[in-house]
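Below: the structure, in structure tokens.
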Amino acid sequence: MTQSLTQSAIVWPQDYLPGTTDNFVSNEIIVAGLTAHEIWAQLNDTRLWPTYYSNAQDIRFHDGSGPLLSASARFRFTTFGFPVEAQVCEYVPPVEGLAARIAWYGWVEGDAQSRLDAIHAWLFEDLPGSRVRILTQESQTGVPARQLASAVPNPMINAHQEWIVGLATAARNARAKE
């Protein structure tokens, strides 16, 4: 079997390039026995988030869409104690041979000391050998972002690890119920 030597990457807007913002985190796992489609189903349905990720609550959609994410969907949720407003800015469902992608621009309203802006991006990629790659990255600006970046252990890395492991576990559980 020939395996590709390259993997897909997150596509970043210029203002959020990793290494140029106040905080950037990246989490990735590769798991066997699941597909990008199965992982997608768990993230795309926001009603499921609190069942496998303890740091997402109060999810509401402003534009009459939801609870499924969609291109340009406008929603709100609470994470890290912040009320985050968000809008989907990339939405590419799983298609054989291509990585699935979801990204949203999120912001926390506030003054110069409390405002936070971020892009949170996801990539799900089927790999040879019945494996799937789950990648999430977030790039943030603002004083709260600088505070998160300097915290040890890093709460963003730990929370996002919980989220991606939770996605895989939820997909396995959903498969077992079929």
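These numbers were taken from a predicted model, which means no experiment stands behind them. All heavy atoms count here, side chains included; hydrogens, waters and symmetry mates do not.
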Which salt bridge (charged side-chain N to carboxylate O under 4.0 Å, His left out) pairs, counting each pair once, include a residue from residues 14-24, with sequence neighbours left out?
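Only Asp22-Arg146 qualify under salt bridge (charged side-chain N to carboxylate O under 4.0 Å, His left out).
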Scan residues 65-78 for pairs that pass salt bridge (charged side-chain N to carboxylate O under 4.0 Å, His left out), counting only residues two or more places apart or in two chains.
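Applying salt bridge (charged side-chain N to carboxylate O under 4.0 Å, His left out) to every pair that reaches into residues 65-78, excluding sequence neighbours, yields Arg74-Glu85, Arg76-Glu85.
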Please set out all donor-acceptor pairs under 3.5 angstrom arising from side-chain atoms of residues 88-103, sequence neighbours excluded.
| from | atom 1 | to | atom 2 | distance (Å) |
| --- | --- | --- | --- | --- |
| Tyr91 | OH | Asn44 | OD1 | 2.9 |
| Tyr91 | OH | Asn44 | ND2 | 3.4 |
| Tyr91 | OH | Leu69 | O | 3.0 |
| Arg101 | NH1 | Ala9 | O | 2.7 |
| Arg101 | NH2 | Ala9 | O | 3.0 |

Starting from Leu123, walk the hydrophobic network (Ile, Leu, Val, Met, Phe, Trp, Tyr; side-chain heavy atoms closer than 4.5 Å) and list everyone else you reach, by chain and number.
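Members other than Leu123 - counting any ILVMFWY side chain reachable under 4.5 Å - are Ile10, Trp12, Tyr16, Leu17, Phe24, Tyr105, Trp107, Ile119, Leu135.
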List the atom of Gln137, the atom of Ser26, and the distance in Å for their closest heavy-atom pair.
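That closest heavy-atom pairing would be NE2-OG, 2.9 Å.
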Partners meeting ring pair (Phe, Tyr, Trp, His ring centres under 6.0 Å) with His160 (sequence neighbours left out):
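Only His120 meet the ring pair (Phe, Tyr, Trp, His ring centres under 6.0 Å) criterion with His160.
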Check side-chain hydrogen bond (donor to acceptor under 3.5 Å, both in side chains) between [X] and all other residues, then give those that pass, not counting sequence neighbours.
| X | result |
| --- | --- |
| Ser130 | none |
| Gln161 | Asn27 |
| Asn55 | Tyr53, Thr79 |
| Thr20 | none |

Scan for side-chain hydrogen bond (donor to acceptor under 3.5 Å, both in side chains) pairs involving residues 164-175, sequence neighbours excluded, and state none if there are none.
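Passing the test, one end in residues 164-175: Glu38-Arg175.
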What pairs with Asp58 under salt bridge (charged side-chain N to carboxylate O under 4.0 Å, His left out), at least two apart in sequence or on another chain?
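Here no residue qualifies.
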What ring-ring contact (aromatic ring centres under 6.0 Å, His included) pairs are there with at least one residue in residues 134-158, not counting sequence neighbours?
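Of all non-adjacent pairs touching residues 134-158, none passes ring-ring contact (aromatic ring centres under 6.0 Å, His included).
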